[in-house]
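All remarks here apply to the structure that follows.
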Amino acid sequence: MTPAERKNRLETIAPELLAELSETHEHTRELPALEGAENGVVMRFAPNPSGPLHLGHARASILNDYYVRRYGGRYVLRIEDTDPRRVDPEAYDMVREDIEWLGLGITDIFYQSDRLDIYYDLCRKLIELGGAYVCVCDSERFRELKLKGKACPCREQTVEENLDLWQRMLDNEFYEGDVTVRVKTDLAHPDPAMRDYSAMRIVNSPLHPRVDATVFPLMNFSVAVDDHLLGITHVIRGKDHIANTGRQRYIFDYFGWKPPVYRHYGRMGISGVVLSTSGMREGIRSGLYTGWDDVHLGTLRAIARRGIEAEAVRNAMVDIGIGETDISFSWENLYAKNKEIVDPKANRYFFVPDPIEVTVEGAPRHEAHAALHPNDPSRGVRTLVAGERVLLPKADIEGKSMVRLKDLYNIRLKQVGEVLEVSYAGESLEDARREKAPIIQWLPVGTGLPCTVIRQDGDLAGLCEPLVAGEADRVVQFERIGFARIDSVEDGRVTAYFAHR
RNA sequence: GCUGCUAUAGUGUAGACCGGCCAAUCAUGAGGGACUCUCACUCCCUCGACUGGGGUUCGAAUCCCCAUAGCAGCACCA
């Protein structure tokens with residue numbers, strides 16, 4: 001049966017199936033349902049302000065955002081700045097900008113550094129409940145004991161002794177490293193990670209940029225407290241937090257709170273870019289990278305600069321989902337998502353990398369009209385006026401005997417010793433097709449703008465069409481090269497960032 | 001070392017909870033073709049996977065056990 005016959009037959013026996021066939025299937029993927037989410041959710045994104053957001057943050061924030069949008073409710077941004085050592089004052093703004101770029105539906109914002117009194121208060125209550133003690137042991141010594149499942153002497157202190165020590169901590173009677181408040185868990189717990197962890201510690205230096213304090217909570221305490229106080233119902237985070245979920249459970253139990261529903265997704269390996277804040281900062285300092293948006297970094301501002309849109313990142317992350325399997329992030333898949341968005345709107349232009357000038361013997365003066373977008377004639381054309389002298393991409397004519405300059409005419413090439421002889425070969429597209437001549441981009445001599453296309457693996461230098469100057473901050477397609485974001489146009493010089501083919 | 005999680009095509013993902021409709025979905029990618037004055041877009045065709053071994057069962061990608069591999073945690077970081 002031919003396809004047409006099959007279609008006819010289907011029409012006679014089951015017209016409703018035929019209708020189904022012609023439907024365009026929208027592949028917006030549905031992620032698994034969350035239990036207890038039917039009446040809305042309260043979720044959170046809790047970055048540490050130590051640098052700009054990167055792809056790892058994008059996954060966490062987008063997946064939580066996805067569920068808030070799906071079920072309705074609130075989306076809390078919680079800035080976790082309880083470690084003065086890991087706070088970069090400039091990162092507060094960067095995080096805010098990146099969140100804006102991502103388009104997250106944040107409804108509430110909290111800074112943990114504003115909430116120290118809340119943590120102090122609940123820490124005292126936890127001590128009173130007998131759920132925590134102030135430990136004055138050397139951390140190394142404590143660790144040894146813990147691994148053996150043994151208690152340190154401080155664990156036997158009375159509530160009064162602990163309260164006294166706690167007050168002295170707050171009164172600045174101790175220095176960094178001298179004391180820590182530990183949550184009493186279970187020293188016999190089979191998982192050593194679960195045994196008596198720290199809830200509060202002292203940091204004397206550096207000073208916190210937002211608050212005058214030296215006693216700070218550790219994340220397992222502040223996170224549990226805030227998740228409860230802020231009414232968080234569901235938490236989606238990486239599996240590196242599985243142990244923390246277990247530790248935080250003790251806080252919930254001591255206070256008689258109901259913990260949120262947790263989902264821990266698998267590790268996402270991201271290759272090809274630098275992600276570690278320290279690595280990025282060091283590279284920027286040493287001049288290896290131009291800044292937080294250097295193309296070699298995995299920050300959101302870097303991929304934005306490369307012309308990747310937030311929606312593409314979102315689609316890629318939802319596609320990846322919340323599976324517990326460890327995965328490797330696929331740039332290829334992200335590029336495909338981005339092309340979906342960018343291809344319909346990107347205007348087409350010629351960019352000639354590594355240009356060589358040739359004189360086309362016998363070529364008439366000719367005006368070429370190339371569509372700004374081949375699928376949308378209404379956008380009009382770029383007009384390029386060519387005489388005998390044109391610029392061609394070196395790599396595309398090497399070894400060729402005939403090529404067609406797109407929308408212009410055909411040329412014949414002959415290498416005679418050191419000299420490349422180029423002659424006019426007519427306007428016929430059919431001729432070019434018949435000879436299987438490549439159709440390549442070109443530029444008239446004189447009108448092109450110097451243009452650098454910045455790529456991860458080396459820049460392309462060349463010339464582009466003058467109209468590109470009007471495309472600043474937009475993504476264009478350089479025909480036969482790929483999509484690129486026009487980053488700047490200064491003094492007639494264009495800088496573009498390569499996105500993908 | 002101790003604890004835990006995971007294992008479906010190159011990549012991501014569905015199916016797994018409630019075994020049969022799975023000779024395993026969709027996307028991406030690769031190869032081929034159509035269209036096209038781009039190596040873009042669109043369309044068509046093809047390629048490619050249930051980690052291994054046992055067990056339960058009439059029947060296992062799905063349940064159980066073992067092995068292997070990967071990952072995470074065992075901070076006075078988040």
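Throughout, protein chains are lettered first and strands after them, A, B, ... in sequence-line order, and every chain is numbered starting at 1. Note: hydrogens, waters and symmetry copies are ignored here, and every other heavy atom, side chains too, is used. Since this is a predicted model, take the numbers as computed values, not measurements.
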Pairs meeting criterion salt bridge (Lys or Arg N to Asp or Glu O under 4.0 Å) with involvement of residues 320-333 of chain A, two or more places apart: A:Lys239-A:Asp326
For nucleotides 12-14 of chain B, tabulate all protein N/O to nucleotide N/O atom pairs closer than 3.5 Å, reporting atom names and distance.
residue : atom : partner  : partner atom : Å
B:G12   : OP1  : A:Ser328 : N            : 2.9
B:G12   : OP1  : A:Ser328 : OG           : 3.4
B:U13   : OP1  : A:Ile320 : O            : 3.2
B:U13   : O3'  : A:Arg29  : NH1          : 3.1
B:U13   : O3'  : A:Arg29  : NH2          : 3.3
B:U13   : O2'  : A:Arg29  : NH1          : 3.3

Set of residues satisfying side chain to side chain donor-acceptor pair (under 3.5 Å) with respect to A:His373, sequence neighbours excluded: A:Arg348
Results of side chain to side chain donor-acceptor pair (under 3.5 Å) for A:Ser378 - residues two or more places apart only: A:Asp376
Pairwise P distance for B:U11 and B:G20, with rounding to whole Å: 27 Å
Is there any protein nitrogen or oxygen under 3.5 Å from a nitrogen or oxygen in nucleotides 41-45 of chain B, and what are the pairs?
residue : atom : partner  : partner atom : Å
B:C41   : OP1  : A:Lys339 : NZ           : 3.1
B:C41   : O4'  : A:Asp343 : OD2          : 3.4

What does [X] touch in the nucleic acid at a heavy-atom separation under 4.0 angstrom: a base, only the sugar-phosphate, or nothing?
{"X": "A:Glu324", "answer": "sugar-phosphate"}
{"X": "A:Asp81", "answer": "nothing"}
{"X": "A:Val179", "answer": "base"}

So do A:Pro353 and A:Gln441 actually touch side chain to side chain, heavy atoms under 4.5 Å? yes
Check whether any side-chain heavy atom of A:Lys345 lies under 4.5 Å from a side-chain heavy atom of A:Arg474, and answer yes or no. no
Canonical and wobble pairing (Watson-Crick, G-U, under 3.5 Å) of RNA chain B, dot-bracket with |: (((((((..(((.......[.....)))((((((.......))))))...(((((..]....))))))))))))....
